[in-house]
Amino acid sequence: MRGALRPGARAGLVGGAVLVYLALVGMLVKFEELRLVGSQVTRGRLLLVLPPFAASFFAVRPRVIGGRVEQPGPGVALALGAVAGALVGAVGSVGLALVEAIGVERIRPVFVAVSPALVETLTFGRGAAAGAAILVVGGAALGAAGGIWRAIRHGLRRPVEVGLLTVVTLAMLQRIVPFMLDELRLERDWLYSRATRGLTWTGAVVVLVVATAAAAYVLDRRERRALAPAAEGRPEVRGWRRTALVTIAVVLAAALPQLAGSIVSEIMGTVGVFLLLALGLNIVTGYAGMLHLGFSAFFLIGAYAVALLTGANLVTAFGLVAPRFSADLNFYLALVLVVAIGAAVGALVAAPVLRLRGDYLAIVTLAFAQIAVILATSSWLQPITGGPQGLRDVTKAPLLGLEFRSAERFYYLVLAFCVLAVFVSWRLAWSRVGRAWNAMREDEQVADAMGVPTGRYKMLGFAIGGAIGALGGALFAVKVGTVQPGSFEIIQSITVLAVVILGGLGSVPGVVLGALVLLALPGLLSQLEEFRFLIYGAVLVAIMILRPQGLIPNVRRMRELREEERTQDAWQQIFAARQEREAAEEAAEAAP
Amino acid sequence: MSEEATTVRRLGRVERLPTRRIVLTALSLGVGAAVAYGSYRTLTLPAGARYSGSAWRDFLVLGIAQGAVYALIALGYTLVYGILRMINFAHGEVFMAGAFGSFFFADAWKESGFLDRRPLLAVLLLVLIAMAVSVTVAVLLERIAYRPLRGAPRLVPLITAIGASLFLQNTFRGLFGAQTRGYPKPRVLEGTWSILGIPVQRVQVIVLVVAGVALIALTLVVARTKTGKAMRAAAQDQEIASLMGIDVDRVIVTTFVVGGMLAGIAGVLFALTFGNISYFMGFAPGITAFTAAVLGGIGSIAGAAVGGLIIGVLQSVGPALLLTGIHVPSPFQLKDVVTFLILILVLLFRPGGILGTGEAEKV
Amino acid sequence: MSRLLEVSGVVKRFGGLAALDGLELHVEEGEIVSVIGPNGAGKSTLFNVVTGLYPPDEGDVRFDGRSIVGLRPHQITKLGIARTFQTVHLFANMTVLENAMVGQHCRTRSGVFGAIVRPPSTRREEERIREVARRSLAFFGPRLAGYRQEQPAFVLSYANRRRLEIARALATEPRLILLDEPTAGMNPRETLEMRDHIVRMRDELGLTVVVIEHDMRVVKGVSDRVIACDYGRVIAQGTYEAVAHDPQVIEAYLGRRAVG
């Protein structure tokens with residue numbers, strides 16, 4: 001029996017560690033403020049609920065024993081889950097006890113997140129002893145629920161999960177959705193409470209039921225279709241459905257500022273700029289298969305180039321001055337030049353390093369980007385770039401008497417370019433050029449031997465990626481009106497990389513979705529900003545380990561990564577089997 | 001086939017040019033000329049504007065001291081690369097973790113006076129604490145982020161490592177706050193000692209001694225002990241090593257432990273030298289140390305040490321030597337540019353590094 | 001007949017070991033030449049040097065009268081030398097048809113502009129690429145036809161992967177094709193089929209063929225001339241009968257076998 005509960009204990013301890021981590025890193029308290037459903041369900045509590053539930057869900061996972069997949073029965077699942085959940089709570093209680101013993105004021109200088117508010121959250125305002133009891137008992141209950149949850153048939157579980165996710169998402173979008181409903185003159189009080197700003201209980205239940213039913217219907221249909229023999233023909237030929245989807249997406253995107261107001265337009269404008277970057281990176285990394293860690297360099301180049309070409313000013317101690325080199329071109333003329341500069345820089349910088357192996361190439365791109373930022377900041381180039389203060393008074397991109405600085409107008413400007421970039425990406429993917437990239441990504445040497453000039457195609461990838469990236473930079477400069485080196489740090493490159501990886505390398509819809517999830521959500525969900533990069537880091541790690549093909553895999557990559565998944569599963573099975581064996585050996589030693 | 005006649009099977013004259021060789025030659029000539037010109041102009045500046053001999057000496061000593069720290073970090077990259085063929089991008093954060101972990105003790109001991117009363121013991125304890133923290137982070141990193149990805153295509157663990165790096169940075173930011181903090185220094189270590197008649201910062205002496213001892217210890221471990229032999233075997237060929245009864249997983253963990261220990265030491269030394277720490281402090285030294293590892297020849301222990309020293313010195317001497325003469329204001333802002341340029345040039349001209357095995361050149 | 005390929009005095013060393021040690025050979029236009037020799041004799045290295053994967057340390061390789069030493073592999077492919085690999089190297093996640101279409105890359109020109117705007121010329125070219133790719137797949141009759149063309153390459157059987165690799169090489173519209181052990185891992189029936197295909201490459205497509213082969217039935221069945229190598233040198237050449245009875249060749253094979 002002891003051996004049987006071991007996975008529960010292990011998962012429980014890990015879950016406990018996660019709980020402590022969430023508390024210490026400050027998420028629990030920060031998230032507490034937002035009420036999701038009624039006044040009972042807050043985001044902090046949701047976060048508190050997750051570790052025990054997830055721990056037990058994980059503890060009860062099917063195992064491979066002797067080559068067979070074995071799913072624990074409901075009884076075992078319940079017990080395992082409860083153990084795991086209770087342990088999570090226990091670890092939390094121990095933490096609480098430590099805090100009580102040492103005193104919040106003495107811990108705080110080290111762990112800045114430990115505060116009376118944290119203790120309040122963890123004890124539900126009922127004092128340490130009661131709080132600990134709630135943690136353990138509640139943990140056990142949640143764990144049991146998690147265990148049972150795993151035992152439920154997949155076809156039943158999935159739709160409910162989608163339903164719950166919909167409720168949570170709607171609740172989190174409480175700053176946006178009610179506004180949109182008002183704008184559409186729809187009744188909203190049944191759904192969103194004016195007092196808590198979150199969902200009402202009635203609303204939550206209705207949404208849950210509707211979303212679950214819809215998900216059940218869609219998933220069932222999809223499953224049946226997957227079982228049916230595959231239709232023949234190229235994806236492109238079968239594309240009318242996609243055309244319809246794209247049209248709907250574009251229409252929705254175009255209507256967004258009218259529906260959602262200027263906060264959303266503001267956020268989506270920024271998302272659009274980064275989406276452009278991500279589409280550029282997708283060409284370099286997703287299509288041509290070269291990891292680029294310094295993509296923000298193109299962002300920087302685009303922004304500075306457009307600023308200098310359209311006559312922005314330097315900030316100096318003596319007021320605004322014209323930079324050493326500058327022109328006073330029309331924005332759209334300058335844009336053509338900027339795109340050309342981006343392409344040229346991309347190609348030229350890449351030229352000497354093309355023969356390097358992938359990981360070295362990646363580090364070199366990072367080095368180039370860092371050089372660009374350091375130079376832009378330096379006193380040496382200050383007369384041109386403005387140093388740390390940068391440039392001001394960037395053009396408002398006037399076109400036929402319209403200026404594009406306001407959130408709504410800028411949104412349309414950037415939307416137009418995003419649509420263009422998506423179109424270009426798609427056309428490239430299904431062309432001779434895309435095929436050559438694809439072959440090169442699969443096996444560079446063989447592609448070369450089959451007549452693909454790999455060096456030239458790598459440069460081409462960098463050039464096109466660079467052009468799109470520089471375009472993004474130029475638009476960013478228009479949006480913000482100033483250009484400062486601080487906006488182009490390495491972190492931006494990694495953000496863009498996370499977008500592409502999360503969405504799915506080489507998949508245009510994936511990149512769009514990735515941008516929405518990683519960039520729009522933190523903007524729309526309040527207080528996420530602080531943990532944004534923490535989450536990006538976690539996303540990168542988690543995606544690579546759990547779902548390397550991304551959310552919406554590229555058609556080709558899907559096949560490739562499924563293979564990888566298979567090998568990975570094999571690895572995991574080997575590890576699982578070994579752990580099993582070790583456990584058995586330990587048990588044998590313990591009971592002579 | 002029927003299109004025989006239309007098929008072009010010729011190459012243009014331009015196509016036949018050895019483009020790569022031309023680009024590389026031009027580049028090396030350009031770099032050489034720039035270095036020569038810059039140094040010449042700096043050294044022939046009028047007496048008043050010139051750096052004095054003692055200034056150059058100070059640059060050199062500082063360079064060697066920071067080079068020793070880079071060497072310690074670089075060893076972490078080199079050891080891991082040797083076995084897993086992966087760039088552990090998060091190693092800079094392992095280093096940062098050590099510095100941060102020891103900070104709270106250093107701070108408390110400064111307050112209680114222990115740091116000034118028993119400086120030697122205190123610094124030793126700080127180093128041990130930093131090692132423990134760094135090792136913990138390194139081992140967790142391996143277990144959680146890298147182990148599930150054994151055998152995955154090369155770029156996958158690199159992306160994971162970047163994610164882990166970002167995650168660790170922001171974890172420390174969340175746990176301990178975003179502000180830069182001053183790292184206390186025992187009073188004994190202020191000022192200079194005279195070594196062979198040259199005044200040297202006391203901190204730098206300590207840095208050199210500790211780093212030297214650590215390097216020697218590591219060399220002995222790798223060369224003499226059974227663990228070291230297992231590490232070398234696994235670096236040669238993991239599969240064969242495992243067939244020979246070596247537990248490769250354990251060797252890999254050991255490698256991360258050793259790398260973590262060295263990074264922890266480096267963390268304390270770096271903090272003592274530069275006097276402050278922040279959650280972001282791992283990035284630049286990390287990249288610099290990686291450059292050092294590549295420069296020395298990745299996978300080679302001696303290479304990491306040599307590479308570290310060279311990079312350290314180039315960083316402290318290079319900007320002054322190359323840029324002062326051509327009137328670039330505040331040349332030391334550009335010291336990381338020097339590092340990155342070296343990285344790029346090494347990878348271009350000698351990807352195997354100075355003492356490398358040439359492995360990097362294999363396709 | 002003219003000399004299509006001429007390898008003279010080629011030396012290629014790996015560390016201290018000379019994989020090719022002053023190798024001399026030539027191939028006439030329209031010939032089928034078999035290269036045989038024990039493992040490690042330098043046969044695959046020869047292919048790698050000819051196709052530009054390895055630069056030779058010494059010596060010259062001339063194709064159609066011009067030196068091709070120092071050219072990149074894709075340039076050599078464009079000049080009209082195509083190859084297959086000893087261990088099959090396909091673009092595993094591209095479809096069978098796409099694999100063959102990649103072969104046409106060096107015979108077509110449309111670039112980024114064409115891809116984005118898709119003018120009529122690009123569409124025509126794309127049609128042509130598809131057409132040539134289909135035709136090279138059709139070289140193997142029903143083996144690579146129909147629904148298979150839309151499947152990713154990694155689902156193919158081993159023999160079909162070999163066939164696809166050859167089809168991809170044919171799609172480059174070469175003059176000279178280098179086949180590295182085309183029947184390795186095939187069953188006897190497939191092997192005989194491949195033997196006929198090799199002869200057809202010359203007779204129907206007018207190609208010159210150099211084939212590295214271990215199966216002596218194939219060597220005997222296809223070769224106009226056999227070249228035997230050992231230790232990076234040619235030790236015998238001529239008709240199959242002559243080479244098969246050459247004492248040096250027998251020693252190269254049997255001598256090794258006695259030791260092994």
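By convention in this document, chain letters (A, B, ...) are assigned in the order of the sequence lines, proteins followed by strands, and residues within each chain are numbered from 1. Only heavy atoms go into these numbers, but all of them, side chains included; no hydrogens, no water, no symmetry mates. Since the structure is predicted, the reported quantities are computational estimates derived from the model, not experimental observations.
Contact count versus chain C (heavy atoms, under 4.5 Å) is highest, among A439(A), G455(A), S431(A), A447(A), for A439(A). When each of L97(C), V102(C), N99(C) is scored by its heavy-atom pairs under 4.5 Å with chain A, the top score falls to V102(C).
Between E125(C) and R432(A), the shortest heavy-atom distance links the atoms OE1-CD, 3.8 Å. Of all heavy-atom pairs between A115(C) and L428(A), the closest is CB-CD2, 3.8 Å. Across T77(C) and A449(A), no two heavy atoms sit closer than the pair OG1-O, 2.6 Å.
Heavy atoms of R109(C) lying under 4.5 Å from chain A belong exclusively to its backbone. Heavy atoms closer than 4.5 Å to chain C are found in the side chain of V433(A), but not in its backbone. Within the 4.5 angstrom heavy-atom criterion, no atom of T51(C) approaches chain A. For chain A, the nearby part of I129(C) is the side chain; its heavy atoms alone come within less than 4.5 Å. Interface residue V117(C): only backbone heavy atoms are found under 4.5 Å from chain A.
No donor-acceptor distance shorter than 3.5 angstrom exists from the side chain of E98(C) to the backbone of R435(A), with no hydrogens or angles considered. Judged by distance alone, the side chain of R168(C) and the main-chain N or O of M450(A) form no donor-acceptor pair under 3.5 Å. No donor-acceptor pair under 3.5 Å is formed between the side chain of D443(A) and the backbone N or O of F91(C).
Residue pairs satisfying the salt bridge (Lys or Arg N to Asp or Glu O under 4.0 Å) criterion with at least one member in residues 458-470 of chain A, sequence neighbours excluded, are listed as follows: E444(A)-K458(A).
For the atom pair CH2 of W430(A) and CZ of R118(C), the computed distance is 10.0 Å after rounding to the nearest 0.5 Å.
At a cut-off of 3.5 Å, with distance as the only test, a side-chain donor of Y457(A) or H105(C) sits close to an acceptor on the other residue.
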Subject >> Step-by-step side chain to side chain contact (heavy atoms under 4.5 Å, CB included) determination, V452(A) to H74(C) >> reply: CA-CA 6 Å; V452(A) 177; H74(C) 65 87; 5.8 Å; no
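In this structure, Y158(C) places its OH atom where more than 12 heavy-atom neighbours from other residues, nucleotides or ligands lie under 6.0 Å away.
Residues of residues 83-90 of chain C lying under 4.5 angstrom from chain A, judged on non-hydrogen atoms, are R83(C), F85(C), H89(C) by number.
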